[in-house]
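Here is the naming used below: chain letters follow the sequence lines, and residue numbers restart at 1 for every chain.
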2 protein chains.
Amino acid sequence: MLSVKCLYRAVHTYKMIPMDNLIHHPMETSLSPTANRETPRDRMVQALSQAIHEHHLAPGTKLGEDELSDVFSVSRTVVRSALQSLAHENLVELKRNRGAFVARPTIREAREVFEARALLEPRTARSAAERMTPEGLAILEAHIEAEHKALAAGEAGKALRLSGQFHIEISRLADQTIIANFIEQLIARSSLVIALYWQRQSALCDKHAHHALMEAFRAADGKEAEALMTSHLVDIVSALDLRERPHGDTNLKDILSRIGGTG
Amino acid sequence: MLSVKCLYRAVHTYKMIPMDNLIHHPMETSLSPTANRETPRDRMVQALSQAIHEHHLAPGTKLGEDELSDVFSVSRTVVRSALQSLAHENLVELKRNRGAFVARPTIREAREVFEARALLEPRTARSAAERMTPEGLAILEAHIEAEHKALAAGEAGKALRLSGQFHIEISRLADQTIIANFIEQLIARSSLVIALYWQRQSALCDKHAHHALMEAFRAADGKEAEALMTSHLVDIVSALDLRERPHGDTNLKDILSRIGGTG
DNA sequence: ATATCCAAAACTGTATACAATTTTGTGCAC
DNA sequence: GTGCACAAAATTGTATACAGTTTTGGATAT
């Protein structure tokens with residue numbers, strides 16, 4: 001039974017190994033004494049975001065405010081603020097007077113997410129390759145390393161999240177902050193799409209894809225990186241089942257069965 | 001002296017002619033009795049967003065919570081929620097324990113905004129042209145019409161906002177919701193960039209540019225629309241002064257003079 | 001037995017009160 | 001006269017209490 005209660009574990013996991021989350025924020029300049037100090041709200045956003053990315057919280061899960069305020073030991077004020085943030089990132093859906101739910105991208109949204117990624121990421125990968133530095137290579141290799149470790153340890157969710165962060169890291173290295181933020185949003189939604197529409201029979205294809213990209217980055221071969229990223233994204237989409245479901249009662253019955261029956 | 005107080009006018013303007021804001025939301029399906037009812041928070045976001053777009057609120061302006069709660073007659077709870085929304089759209093900047101300020105994009109951010117637009121909008125314009133409908137043409141023409149009226153009435157700010165909404169409308173017609181949202185964010189930030197870096201001597205160039213685009217849309221000529229959009233964006237950037245300021249004390253002195261002296 | 005309606009419970013939306021932090025103004029020492 | 005230190009005022013961060021809406025459960029009538 002998958003519920004918010006498993007956030008206990010998610011929160012603890014987060015607290016015990018925050019390294020993975022900070023791996024891409026190596027230079028935190030402290031301008032003011034308390035300016036960059038993490039607030040309870042930030043911690044909550046981080047933990048929820050991670051739990052969703054790692055598929056510990058399934059799409060459609062109700063995120064009750066009282067429940068969350070208990071789990072995180074903060075007031076509902078903070079909970080609402082965090083939920084609003086996540087809603088802006090399209091990770092949760094806010095329904096007026098109904099509450100917050102982990103977002104359930106429609107098939108159309110799923111298509112659009114990967115269409116947008118196909119538009120942005122290849123060119124970004126090219127940029128990143130062309131301006132690649134030894135430090136950038138080290139960061140990317142560390143991510144792949146961590147992903148392999150997670151996979152070996154059977155932590156599929158964590159591996160999935162790190163796989164996404166690999167893409168985010170690439171966009172950061174391309175030195176285009178705004179586009180990097182867009183890609184970050186898209187990858188967050190991709191995680192939900194994968195949770196909903198991934199078809200089991202397709203093997204995890206991207207293991208060698210990321211390695212191939214690394215080769216292009218080491219060679220600073222922008223054109224190759226762009227081509228590899230394009231085909232990588234095509235591979236991911238082809239592993240999804242985005243056929244429109246035939247009957248219309250999908251909205252009611254199997255949504256509920258999906259929510260209650262997962263995990 | 002430009003301050004939050006002029007929001008009184010902004011709010012009233014908004015209340016008296018909300019038509020402009022609803023022009024692109026003609027089909028509001030009411031699924032639930034109160035699901036789509038506008039909340040005070042939405043009204044506030046809308047009013048502030050409009051005021052920033054129309055340059056009634058200059059970049060850097062302090063948005064005090066008490067002040068806003070007075071102006072809009074709501075509690076600080078609602079104010080904070082609205083400010084958080086605007087912060088997510090990069091229209092306001094939240095500084096911890098310092099308050100909210102109308103965002104001041106750096107020169108680098110300004111460049112990135114238009115680089116991202118150059119990446120997204122031409123292809124989007126092409127899509128829109130290829131799937132243009134009579135209804136779409138009517139919407140775009142209505143926008144141009146309204147822009148001309150505003151310009152004739154001397155309402156430069158309103159004209160600027162409508163000019164931006166023309167671009168947003170195009171992206172909506174391209175039927176790519178996610179990319180349309182990205183473009184909407186970029187145009188919001190563009191408005192701040194224009195407020196900060198527009199050089200007076202350059203004439204308003206885009207009058208005929210939008211008309212030329214309309215021609216391409218009427219002809220459903222995607223390739224032409226793409227080319228026109230590309231050159232249109234180049235024109236806008238060339239009307240900006242994005243040279244790095246020579247001396248470093250720009251942060252302190254002329255920011256203050258700019259804030260205090262405008263309006 | 002089924003459907004409808006009403007009441008109670010649960011939950012979200014909003015306002016207000018309190019705590020913590022930053023800013024500002026004053027006074028003292030050098 | 002200048003610089004630093006401390007205190008008061010102002011502003012933001014958080015918690016709690018109350019109001020409005022939705023949901024749920026049962027009772028009643030058909």
Side-chain angles (χ1 to χ4, degrees), chain A residues 3-5 7 30-48 60-88 92-103 251-252 255-256 259-260, chain B residues 3-5 7 30-48 60-88 92-103 251-252 255-256 259-260:
Chain A
S3 82
V4 177
K5 286 301 175 188
L7 270 176
S30 60
L31 300 169
S32 170
T34 67
N36 293 11
R37 206 169 56 198
E38 237 184 14
T39 62
R41 180 182 154 281
D42 294 330
R43 277 189 290 275
M44 189 170 170
V45 170
Q46 187 75 28
L48 281 175
T61 306
K62 171 81 182 280
L63 299 172
E65 297 184 358
D66 281 322
E67 201 170 4
L68 290 172
S69 70
D70 282 348
V71 172
F72 288 92
S73 301
V74 292
S75 75
R76 275 182 51 223
T77 309
V78 178
V79 172
R80 288 178 68 80
S81 175
L83 288 175
Q84 199 186 327
S85 280
L86 293 167
H88 272 284
V92 316
E93 205 174 335
L94 296 179
K95 302 186 179 178
R96 158 134 36 238
N97 290 320
R98 298 274 318 275
F101 304 82
V102 179
N251 291 341
L252 239 66
I255 281 179
L256 294 179
I259 293 172
Chain B
S3 82
V4 178
K5 286 301 176 190
L7 270 175
S30 59
L31 300 168
S32 170
T34 67
N36 293 11
R37 207 169 56 197
E38 236 184 14
T39 63
R41 179 183 155 282
D42 295 329
R43 277 189 289 275
M44 190 172 167
V45 169
Q46 187 76 28
L48 281 174
T61 306
K62 171 81 181 280
L63 300 173
E65 297 184 357
D66 280 321
E67 201 170 5
L68 290 172
S69 71
D70 282 348
V71 172
F72 288 91
S73 301
V74 292
S75 75
R76 275 182 52 224
T77 308
V78 178
V79 172
R80 289 177 67 80
S81 176
L83 288 176
Q84 199 185 327
S85 280
L86 293 166
H88 273 283
V92 316
E93 205 175 336
L94 295 180
K95 303 186 180 179
R96 159 137 28 244
N97 291 321
R98 298 273 317 276
F101 303 82
V102 179
N251 291 342
L252 238 66
I255 281 180
L256 294 178
I259 294 171

* Please report the C-alpha distance between B:Leu68 and B:Leu83 in whole Å, then the side-chain angles of each, then the deciding distance to 0.1 Å, and finally whether the side chain to side chain contact (heavy atoms under 4.5 Å, CB included) criterion is met. => CA-CA 10 Å; B:Leu68 290 172; B:Leu83 288 176; 4.0 Å; yes
* Evaluate the side chain to side chain contact (heavy atoms under 4.5 Å, CB included) criterion for residues B:Val74 and B:Arg43: first the C-alpha distance (whole Å), next the side-chain angles of each, then the deciding distance (0.1 Å), finally the verdict. => CA-CA 11 Å; B:Val74 292; B:Arg43 277 189 289 275; over 6 Å; no
In whole Å, what is the span from the [atom1] atom of [X] to the [atom2] atom of [N]?
{"X": "B:Glu65", "N": "C:dT22", "atom1": "CD", "atom2": "P", "result": "15 Å"}
{"X": "B:Phe101", "N": "C:dT22", "atom1": "CZ", "atom2": "P", "result": "13 Å"}
{"X": "A:Asp66", "N": "D:dA17", "atom1": "CG", "atom2": "C1'", "result": "13 Å"}
{"X": "A:Arg96", "N": "C:dC11", "atom1": "CZ", "atom2": "C1'", "result": "15 Å"}
{"X": "A:Lys95", "N": "C:dT12", "atom1": "NZ", "atom2": "P", "result": "13 Å"}
{"X": "B:Gln84", "N": "D:dT12", "atom1": "CD", "atom2": "P", "result": "15 Å"}
{"X": "B:Phe72", "N": "C:dT14", "atom1": "CZ", "atom2": "P", "result": "15 Å"}

Please determine whether a side-chain nitrogen or oxygen atom of [X] lies at a distance below 4.0 Å from atom OP1 or OP2 of [N].
{"X": "B:Lys62", "N": "C:dT23", "result": "no"}
{"X": "B:Arg98", "N": "C:dT23", "result": "yes"}
{"X": "A:Ser75", "N": "D:dA15", "result": "yes"}

Closest listed nucleotide, where the reference is the side chain of [X] and the choices are [options]:
{"X": "B:Thr77", "options": "D:dT14, C:dT12, C:dT14", "answer": "C:dT14"}
{"X": "A:Arg80", "options": "C:dT14, D:dT14, D:dT12", "answer": "C:dT14"}
{"X": "B:Asn97", "options": "D:dT14, D:dG13, C:dT14", "answer": "D:dG13"}
{"X": "B:Arg76", "options": "C:dT22, C:dA15, D:dT14", "answer": "D:dT14"}

* Identify the heavy atoms of B:Gly60 and B:Phe101 that sit nearest to each other, and give their distance. =>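 Scanning both residues, the minimum pair turns out to be O-CD2, 3.7 Å.
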